[in-house]
Amino acid sequence: MDIDAWIWWLIGAVGLGIPLVLTAMPEFGMFAVGAVAGAVTAALGFGITAQVIVFVIVSVALVAVVRPVAARHRAGTPALATGIDALKGRQARVLERVDAEGGRIKLAGEIWSARSLDATRVFEPGDEVDVVEIEGATAVVI
């Protein structure tokens, strides 16, 4: 029993798809697509040399093009700040005098205890301050 070359290419594509699912390495998927391209080349009647060349070109092209785009996409997605991390960098209004010892501010519609980052700075009621850190339930402001 003689199996056509295109069937061997499809078996190879399935074989490359298994590690893709098990390891979540997208490169295996790109090689599997190259194997499918090799199967199409074989089904069209081209020789083994053309089949291997098509497999290599398609696989390398996918790795060269898709991988950097995916890496940029992964790296470019900003993390959504939530909780106290979302309060850092926001402005607040001083309600009670804020110094290195303490005070009160209105931050994001809520009243927070606060202290000055710089021990020599004092903020009076009505002043606008910037939150640089949250330490427990106290906002550190400048």
Side-chain angles (χ1 to χ4, degrees), residues 3-142:
I3 298 179
D4 291 334
W6 66 271
I7 294 175
W8 285 112
W9 281 108
L10 290 180
I11 291 170
V14 170
L16 289 166
I18 292 169
L20 167 67
V21 173
L22 295 176
T23 64
M25 291 181 62
E27 291 82 3
F28 283 112
M30 295 174 206
F31 293 137
V33 171
V36 170
V40 170
T41 305
L44 292 174
F46 290 94
I48 188 69
T49 305
Q51 297 168 30
V52 171
I53 289 172
V54 167
F55 167 74
V56 169
I57 288 173
V58 170
S59 298
V60 169
L62 285 171
V63 169
V65 173
V66 174
R67 205 164 165 235
V69 170
R72 271 196 311 269
H73 180 67
R74 248 182 297 146
T77 306
L80 181 62
T82 59
I84 61 172
D85 291 330
L87 298 175
K88 295 177 187 174
R90 295 202 47 190
Q91 285 193 332
R93 180 165 306 277
V94 176
L95 298 177
E96 296 174 10
R97 182 182 172 156
V98 175
D99 57 21
E101 299 301 314
R104 297 257 185 242
I105 60 170
K106 187 164 192 170
L107 172 63
E110 298 178 348
I111 297 175
W112 282 73
S113 60
R115 70 173 178 79
S116 175
L117 178 66
D118 182 1
T120 62
R121 292 286 312 261
V122 175
F123 301 100
E124 298 298 332
D127 288 348
E128 293 286 325
V129 293
D130 293 317
V131 177
V132 292
E133 187 68 49
I134 303 290
E135 293 178 352
T138 303
V140 180
V141 300
I142 54 172

Which pair of non-hydrogen atoms, one from [X] and one from [Y], has the smallest distance, and what is that distance?
| X | Y | answer |
| --- | --- | --- |
| M30 | R67 | CE-N, 4.2 Å |
| F31 | S59 | CD2-CB, 3.4 Å |
| S116 | F123 | OG-CE1, 3.7 Å |
| A42 | W9 | CB-CD1, 4.0 Å |
| L87 | W112 | CD1-CZ2, 3.4 Å |
| A114 | V141 | CB-CG1, 4.4 Å |

pair [X]-[Y]: side-chain heavy atoms closer than 4.5 Å:
| X | Y | value |
| --- | --- | --- |
| V94 | E124 | no |
| V58 | V54 | yes |
| S113 | R104 | yes |
| V129 | V98 | no |
| I142 | R121 | no |

Could you state the interatomic distance from [atom1] ([X]) to [atom2] ([Y]), rounded to the nearest 0.5 Å?
| X | Y | atom1 | atom2 | value |
| --- | --- | --- | --- | --- |
| Q91 | D130 | CD | CG | 5.0 Å |
| I84 | E135 | CD1 | CD | 10.0 Å |
| T23 | I18 | OG1 | CD1 | 11.5 Å |
| D4 | L10 | CG | CG | 10.5 Å |
| L95 | L107 | CG | CG | 10.5 Å |

I48, CD1 atom: more than 12 neighbouring heavy atoms under 6.0 Å: yes
Residue K88 excluded, over 12 heavy atoms near NZ under 6.0 Å: yes
Short side-chain to backbone donor-acceptor contact, Q51 and F46, under 3.5 Å: yes
Backbone N/O of E128 and side chain of R93: donor-acceptor pair under 3.5 Å: no
Chi angles and distances behind the salt bridge (charged side-chain N to carboxylate O under 4.0 Å, His left out) call for E101, R115: CA-CA 6 Å; E101 299 301 314; R115 70 173 178 79; over 6 Å; no
Donor-acceptor pair between T120 and D118 side chains, under 3.5 angstrom: yes
